[in-house]
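The analysis underlying the following values was restricted to heavy atoms, covering all of them including side chains, and did not include hydrogens, waters or symmetry mates.
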Amino acid sequence: MSYPPIVFVLPFAGLAEMARTVAGELGVTVAALVGDLDRGAEQARAAEAAGAEVIISRGGTASTIAAAVSLPVVEIRVTSSDVLRCFRQLETFHGKVGLAGFSNIIYGCEEVGGLLGLEMVQVPIAGKAEAERVVAAAQAAGVRHLIGDHISYLCARQMGMGATLIESGREGIAQAIFEAQHVLRVRCEERAKSQQVRTILDSVSDGILAVDANGRVILFNPQAERVFGLSAAAVIGKRVTDVIPGSHLDEVLRSGRPQVGEIQQVGQNRLAATRRPVRVGNAIVGAVATLHDVTELQKYEQLVRQKLNRHGHVARHSLESIVCVSAVMRRVVADARRYAPTDATVLVLGESGVGKELLAQGIHRASRRRQGPFVAVNCAAMPETLLESELFGYEQGAFTGARKGGKQGLFELAHGGTIFLDEVGEMPLSLQSRLLRVLQEKEVMRLGGDAVIPVDVRVIAATNRDLTAELAAGRFREDLYYRLDLLRLQVPPLRERPEDIPALVDDLGVRLQETYGRRPAFGPAALAVLQRHRWPGNVRELANLLERLALVSEGNSIDAGTVAAYLPAPAPASPGRAHSPATPAESWPDNLTLAEIEKLAIGRALAAERGNLQRAAARLGLHRTTLYRKLQQYDTKRNVK
């Protein structure tokens, strides 16, 4: 059997029937049970077990029920109208009148009797056991008539005294129903809030342990159960020093001082603990500890770093995406694939533009760190002071303009992943020593900081410099060189692998189609021109040339003359470069006619002078009008000024 949320438990049937009537008139569903004092408490306990939320009762029965159940109990209060109805019945009575009952019934009523000229005496009753004795004592003291609640009324009748029962009126019952509805609404709201808090505490990854002012455990969430290997049932209500001796919450209660970031060992678990007192005003009413497994903290930190780093610190190229046909380049990719599963440092050597970063990204994506960040930094692109703060981070106030709260360095951002140090040969000596320490100790210290931060990072370094020459010149540390040069990849320049050019042209053409909707097509003669070029800028230069041709050519088919026209005049090799001297500017493909050579010469002059007709004519030794006429003849009047 189930009960509605609001249940009346009343001392006599007539009052219960009136409660049903009033509730029906108000449109409120209730149950009305009859039971006085102890019997009423039994009825209330049964109602609580059957789903009741609020009990409405009266007088001594209400007090008895309140001590027997955990539900809120709303009393039907005795109103002035209820008392006046009783006193009106005694207007012609002469003699001493006793006003008997529990204090919540008779308090203040004797004043009303005095106003009506009645001689009133209070007869307070605290419980059923003393009711008969108290009423008998009142009778012996001269009380001839008793006005009271149900228990005192019954006792007086049994002793032959006159008795009038104080009955509750409709207005008192209605007011009790309104109050019960309010209590029920508040109870439901508080239960919802409590459930929300409980769900939050059960869902957080921290173990949470809370005690009251006496050091007794009042909260022990599932994560705390897991951390300490104890059930909440075994801990709640116990003194924390008895069940969890190492909690230190008793110290926080005594001192009132928080303990933040403490490391605590519990069994095999290392915990990061924060303990704080709970204050209400100036009083400490409890303490709470939050605990987290250090290993899990590191895992969460890594997940957060991964999610943050997805905004830019990712490797987009795999080893499979590196286009190569030549045997020499295939060997380089094969070596990179062999190196990828290790955590050893890799040194990638090669001229600018050969694709050193593509190899680094491919190694990262083929390694066990593939889910971690890939952080690339160009050591030659930043001044020394900026490079140091970018690599190692800084604390707040480390220097003028430092960000509030400090900043993570790139090594921290690369934690669990790979950092690619491009142009490492350009790194200043002062930073080389710091880099060496990171490689050796696997930890960094931010600028302006005094704490070391452990980092788990694989380093791939690259340079287009001859590091042995840099060592001899004292510009590169020998110990750092040998630390970096554990595994080496020497990437050949494009001029040493011309057989890769057709495949690269095809691959780059697909990207141009996606970007511009145009894909230049090269015939055998045009490809031959590309393969004979020295490519000082390597694959990067080839990509730039193809993009330029896709944008400026009127059709998709590119002939040899157009290619030659847009190839820049070769520059002398830079000091220290590992390639042979450039092809002379006046050399031409062997299979061209004189007219085609003239057209090529005009195209090269225009490209060299960026379309300036006057300067191109001077370069060719022609009059400007003659050059203009030849442009019309060869239909190459494009982008001239």
Side-chain angles (χ1 to χ4, degrees), residues 3-23 26 28-83 85-86 99-109 122-132 134-135 146-156 163-187:
Y3 284 110
I6 299 175
V7 175
F8 282 89
V9 181
L10 299 169
F12 50 92
L15 186 57
E17 184 59 37
M18 183 181 293
R20 294 188 191 97
T21 301
V22 173
L26 295 174
V28 180
T29 300
V30 301
L33 310 177
V34 178
D36 190 18
L37 297 175
D38 293 339
R39 175 58 182 161
E42 292 177 11
Q43 294 278 42
R45 281 193 290 266
E48 181 179 23
E53 297 275 1
V54 183
I55 302 293
I56 301 177
S57 190
R58 198 191 85 149
T61 302
S63 299
T64 304
I65 290 173
V69 299
S70 61
L71 298 178
V73 178
V74 174
E75 294 186 33
I76 301 175
R77 292 181 176 82
V78 174
T79 67
S80 57
S81 298
D82 298 334
V83 177
R85 278 193 292 269
C86 296
L99 187 59
F102 286 78
S103 60
N104 56 353
I105 292 290
I106 67 175
Y107 180 76
C109 292
Q122 275 198 13
V123 184
I125 298 174
K128 181 180 180 180
E130 66 174 31
E132 187 174 337
V134 171
V135 172
L146 205 67
I147 298 174
D149 61 5
H150 191 247
I151 184 65
S152 58
Y153 169 80
L154 291 177
C155 289
T164 301
L165 176 65
I166 301 177
E167 297 187 32
S168 295
R170 299 165 62 86
E171 61 277 3
I173 293 173
Q175 186 61 40
I177 291 175
F178 295 146
E179 185 176 346
Q181 287 180 312
H182 175 72
V183 170
L184 178 61
R185 184 167 56 253
V186 171
R187 184 177 172 84

Expected output: side-chain E132 to main-chain C155 donor-acceptor under 3.5 Å: no
Main-chain N/O of V22 paired with R170 side-chain donor or acceptor, under 3.5 Å: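 Checked: no pair found.
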Rounded to the nearest 0.5 Å, what's the gap from [atom1] on [X] to [atom2] on [Y]? Could you check?
X: I177; Y: H182; atom1: CD1; atom2: NE2; answer: 16.0 Å
X: T64; Y: R39; atom1: OG1; atom2: CZ; answer: 14.0 Å
X: I65; Y: S57; atom1: CD1; atom2: OG; answer: 4.0 Å
X: R58; Y: D36; atom1: CZ; atom2: CG; answer: 9.5 Å
X: L165; Y: I151; atom1: CG; atom2: CD1; answer: 11.5 Å
X: L184; Y: E179; atom1: CG; atom2: CD; answer: 12.5 Å

From CA spacing to verdict: side chain to side chain contact (heavy atoms under 4.5 Å, CB included), L10, I76: CA-CA 10 Å; L10 299 169; I76 301 175; 3.6 Å; yes
Verdict with supporting geometry, M18 and F8, side chain to side chain contact (heavy atoms under 4.5 Å, CB included): CA-CA 11 Å; M18 183 181 293; F8 282 89; over 6 Å; no
Any idea which heavy atoms bring [X] and [Y] closest together, and the distance?
X: A68; Y: A41; value: CB-CB, 3.9 Å
X: I125; Y: S152; value: CD1-CB, 3.5 Å
X: A23; Y: V30; value: CB-CG2, 3.5 Å
X: E75; Y: A62; value: CG-CB, 3.7 Å
X: T61; Y: P11; value: OG1-CB, 3.9 Å
X: G40; Y: V9; value: O-CG1, 3.4 Å

Side-chain donor-acceptor pairs of residues 45-56 under 3.5 Å, sequence neighbours excluded:
unit_1	atom_1	unit_2	atom_2	d
E48	OE2	S70	OG	2.5
E53	OE1	R187	NE	2.7
E53	OE1	R191	NH1	3.2
E53	OE2	R191	NH1	3.4
E53	OE2	R191	NH2	3.3

Chi angles and distances behind the side chain to side chain contact (heavy atoms under 4.5 Å, CB included) call for I6, V74: CA-CA 10 Å; I6 299 175; V74 174; over 6 Å; no
